[in-house]
Protein chains: 2
Amino acid sequence: MKLSKNNYGTENCYLSNSCLKEWLPAIEVNKKIYEVKKGEVIFEEGDLVEGMYFVYEGNIKVHKKWGDKELILRIASDESILGHRGLSTTNNKYPISATALEDAVICYISMDFFNSTLKVNPGFSYKILMFFADELQESERKMRNIAHMSVKGRLSRSLLFFKDQFGVHEDGTLKIKLSKQDISSYIGATYETLFRIMNELIEDKAISVTKRAIVILNPDKLLEFSKKEE
Amino acid sequence: MKLSKNNYGTENCYLSNSCLKEWLPAIEVNKKIYEVKKGEVIFEEGDLVEGMYFVYEGNIKVHKKWGDKELILRIASDESILGHRGLSTTNNKYPISATALEDAVICYISMDFFNSTLKVNPGFSYKILMFFADELQESERKMRNIAHMSVKGRLSRSLLFFKDQFGVHEDGTLKIKLSKQDISSYIGATYETLFRIMNELIEDKAISVTKRAIVILNPDKLLEFSKKEE
DNA sequence: CGTGCGCTTGAATGAGCTCAATGCCGGTGG
DNA sequence: CCACCGGCATTGAGCTCATTCAAGCGCACG
């Protein structure tokens, strides 16, 4: 189970493996495997929802557009469900887009099959429900952060989250590879603002950057900046 | 079914009645009815989640605090589910608070009972799942709005939503009674800002206010202000 | 008749955005 | 091998929207 819980709040973007690992291999006929290239769009806002995806490998950003701006809502990675935001009783169009941040492997299951599994398998259904509940909690925490926290606070928090969620290499750099563009969209700020605030964090010796890779030097300091949280 | 769909996006804070109406009356033993007074706190952030609520009558605000500020996430009204945000595999504390906006009647069901119903009743479970999916969509739309829209846009959009969701009296005033404080918390702005922007809308002849009651005069104008949406 | 709370308004401040200019680096084709 | 190009990084300046602080006002209520 890849769940994270710590003193700056719980962020859980994974459907617990115990659920997927049991379920996915059991499907033979109804799943399709796709390889997608970095930057490739898996689906877009407005596309018809016809199935559900699971990520086998790689990171996929889930984002929402507003004119020429975007907001990244979530980063789906290994063994995570994707496209569940298309579920709805009132609308069968995706409210969001999904784009590969790097080369990735995903698995596709038709909505019919997914739905019928939901209906006949209460255990699975329950797991998915809990997943949604966790996603909703996270979404609302993030909303409050955007509404009330400073960019510095949001960035600090997100960096801690990235470290926690995706881990670090031996040299201390974050495993997740995000462009500054993406980070700024993730925290809901402009590119330039992100840049300046990131410099502040470097001056504060909270992080360092070499060759576009970010190292968390002082988590406590980041935590400090994202205080009042919970 | 109280669902709304229109050209400024779907906002659905209701669990479709077809689900609740069938389910709730069937419970005899396990539910308790409470009457709550205006301003009464039903549960707070950090409280232990021990059950699930449904609203029979009245409006309840679901909100999240950040220091001395708050953000209203949702307004639960007649026949709506409440407290489902407490569902989680990783945490059994409420991430949000619920406070009655007016005198209300709510129904309480123990979590054990709710959970076992979920597990044995796939139809119910599926409905709840769809409800969560809709809530998640709405949450993320709202997040993007807070991230990218102006206060005027957010206010315009929220007013249209209130009209759509709660309806209007014969004299044109919104049925939902919200203090300016609450509206500002709902749109994620300060009281003073809300005040000024509301005056702008009045000058624009988009709304009018008499005795603290709001009248939507020109929905098209409000729609205009909340453009770029979807 | 005070006291307090919510409403109203002004002024100052500031965080973050926009726009624009420049620098840097890696790829690419001549 | 070099010149050029395009895209990203970097930085400054100015501005705008919204917040903050502060101060009066009106009304309900004990």
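Just so we're on the same page: letters track the sequence lines, and every chain starts at 1. Scope of the values below: all heavy atoms of this structure, side chains included, with no hydrogens, waters or symmetry mates. Remember, predicted model here, so these are calculated numbers, not experimental data.
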Just one of A/T190, A/I187, A/L194 clears the side-chain contact (heavy atoms from CB on, under 4.5 Å) bar with A/V151, so which one? A/I187
Have a look at B/T99 and tell me which of B/H63, B/E44, B/E40, B/K38 forms a side-chain hydrogen bond (donor to acceptor under 3.5 Å, both in side chains) with it. B/H63
Over how many whole Å does the gap from B/E200 atom CD to D/dT16 atom P extend? 14 Å
Respond yes when some side-chain nitrogen or oxygen of B/T193 is under 4.0 Å from OP1 or OP2 of D/dT19, and no when none is. yes
Nearest to the side chain of A/I197, heavy atoms from C-beta on, is which of D/dA18, D/dT20, C/dG16? C/dG16
Selected nucleotide, minimal atom distance to A/F195 side chain, candidates D/dT11, C/dG16, D/dT19: D/dT11
Checking all strands, does A/Q181 fall into the base, sugar-phosphate, or nothing category for heavy-atom contacts under 4.0 angstrom? nothing
May I ask you to check if B/K175 and B/F166 form a cation-pi contact, with NZ or CZ under 6.0 angstrom from the six-membered ring centre and within 45° of the axis? no
Provide, to the nearest angstrom, the distance between the CD1 atom belonging to B/I183 and the P atom belonging to C/dC7. 10 Å
When the distance from CZ of A/R196 to C1' of C/dG14 is rounded to whole Å, what number comes out? 14 Å
For B/D182 and C/dC5, give me the distance from atom CG to atom C1', rounded to whole Å. 15 Å
Rounded to the Å, how far apart are B/M149 CE and C/dC17 P? 16 Å
A/K180 vs D/dT10: side-chain N/O to OP1/OP2 distance below 4.0 Å: yes
Taking only the side-chain nitrogens and oxygens of A/N199, find out if one of them lies under 4.0 Å from OP1 or OP2 of D/dA9. no
What is the distance, to the nearest angstrom, from the CD atom on A/E192 to the P atom on D/dT10? 12 Å
Between B/S185 and B/D182, do the side chains contain an N or O donor and an N or O acceptor separated by less than 3.5 Å? no
Name the nucleic acid region contacted by A/S179, choosing base, sugar-phosphate or nothing; use a 4.0 angstrom heavy-atom cut-off, strictly under. nothing
Is B/T190 near enough to D/dA18 that one of its side-chain N or O atoms lies under 4.0 angstrom from OP1 or OP2? no
Can you tell me which nucleotide in D/dT11, C/dT8, D/dA18 comes closest to the side chain of B/Y191? C/dT8
Separation of C/dC7 P from B/M198 CE (nearest whole Å): 10 Å
Counting just side-chain N and O atoms, does A/K69 come under 4.0 Å of either OP1 or OP2 of C/dT18? yes
Could you state the CG-C1' distance from B/L194 to C/dC7, rounded to the nearest angstrom? 12 Å
Would B/K142 count as a cation-pi partner of B/Y186, with NZ or CZ less than 6.0 Å from the six-membered ring centre and within 45° of the ring normal? yes
